[in-house]
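These notes are about the structure you will find just below.
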Amino acid sequence: MAQSVSSSAGKKLIRIDVSSDTVCPWCFVGKRNLDKAIASSKDQYDFEIRWHPFFLNPSAPKEGVNKKDFYETKFGSQNQGIIARMTEVFRGLGLEYNMSGLTGNTLDSHRLLYLAGQQGLDKQHNLAEELFLGYFTQGKYIGDKEFLVECARKVGVEGAAEFLDDPNSGLNEVHEELKKYSANISGVPHFVLNGKHELSGGQPPEVFLRAFQVAAN
């Protein structure tokens, strides 16, 4: 799968800017479907994917709160239906939707994604996968430094522990990206292809494939 530019002759480059939050299940669904679309069209196009921050709950506590309790409070009587729907959608992707563990502030995960992007867009894309997998299928807490550092290690991001230890590392960059890419959108995932063609939500692969054709012309 090509996430960064290659020098293949004759292929058109499609740049994809993704605004996402690491606790957004539809962002994971959208990523998996985008990956499928890329895998089936990498002979036609080269891809450059950049992940940008969005905060579904900017005031979420850093120390984390019980995930089940949080969503019960947030969605009330709709909660069980939402969980059943997400369980079904994740099963369709071959994944087990896991509601155990904590949820909370996602700032550190976005700082880490910024660091990964500085070391390579492929590392950033693979880090997004690891963060989603841990949070949504393994009950990992998105604000847990050990989990974040382990995800970074798995995808070859260097210096993650030291970077996260300084609360100011990447902070300005995350806020600049928020303003640049996420200030005018109301929900995620949000995809912008080649700077002008926009898609929102966890779209199926065929929608991405059509968008590639439009963006390449």
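Index from 1, following the sequence.
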Check: [Y] and [X] side chains under 4.5 Å, non-hydrogen atoms:
{"X": "L102", "Y": "F70", "result": "no"}
{"X": "L164", "Y": "R111", "result": "yes"}
{"X": "I142", "Y": "T103", "result": "no"}
{"X": "T137", "Y": "E96", "result": "no"}

Check [X] against [Y] and note the closest heavy-atom contact, atom names and distance.
{"X": "K140", "Y": "Y135", "value": "O-CD1, 3.3 Å"}
{"X": "N98", "Y": "Q138", "value": "ND2-C, 3.9 Å"}
{"X": "I185", "Y": "S19", "value": "CD1-CB, 3.6 Å"}

Item to complete: Please test T73 against N79 for side-chain contact (heavy atoms from CB on, under 4.5 Å), starting from the C-alpha separation and ending with a verdict.
Response: CA-CA 9 Å; T73 302; N79 191 46; over 6 Å; no

Check this for me: [X], atom [atom1], are more than 12 non-hydrogen atoms of other residues, nucleotides or ligands nearer than 6.0 Å?
{"X": "E198", "atom1": "CD", "value": "yes"}
{"X": "K62", "atom1": "NZ", "value": "no"}
{"X": "K154", "atom1": "NZ", "value": "yes"}

Item to complete: Would you kindly confirm whether L113 and L115 end up in one hydrophobic cluster when ILVMFWY residues are joined by side chain heavy atoms under 4.5 Å apart?
Response: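 Yes; L115 is reachable from L113 via cluster members.
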
Worksheet entry | Check: H110 side chain, H52 main-chain N or O, donor-acceptor pair, under 3.5 Å | no

Mind telling me whether [Y] and [X] have parallel, tilted or perpendicular rings, with 30° and 60° as the class edges?
{"X": "F28", "Y": "F132", "result": "parallel"}
{"X": "F212", "Y": "F208", "result": "tilted"}
{"X": "Y97", "Y": "F136", "result": "parallel"}

Worksheet item: Can you tell me how far the NE2 atom of H190 sits from the SG atom of C24, to the nearest 0.5 Å?
Response: 13.0 Å

Worksheet item: Measuring from K36:NZ to E206:CD, what's the distance to the nearest 0.5 Å?
Response: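 If we round to the nearest 0.5 Å, K36:NZ and E206:CD are 9.5 Å apart.
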
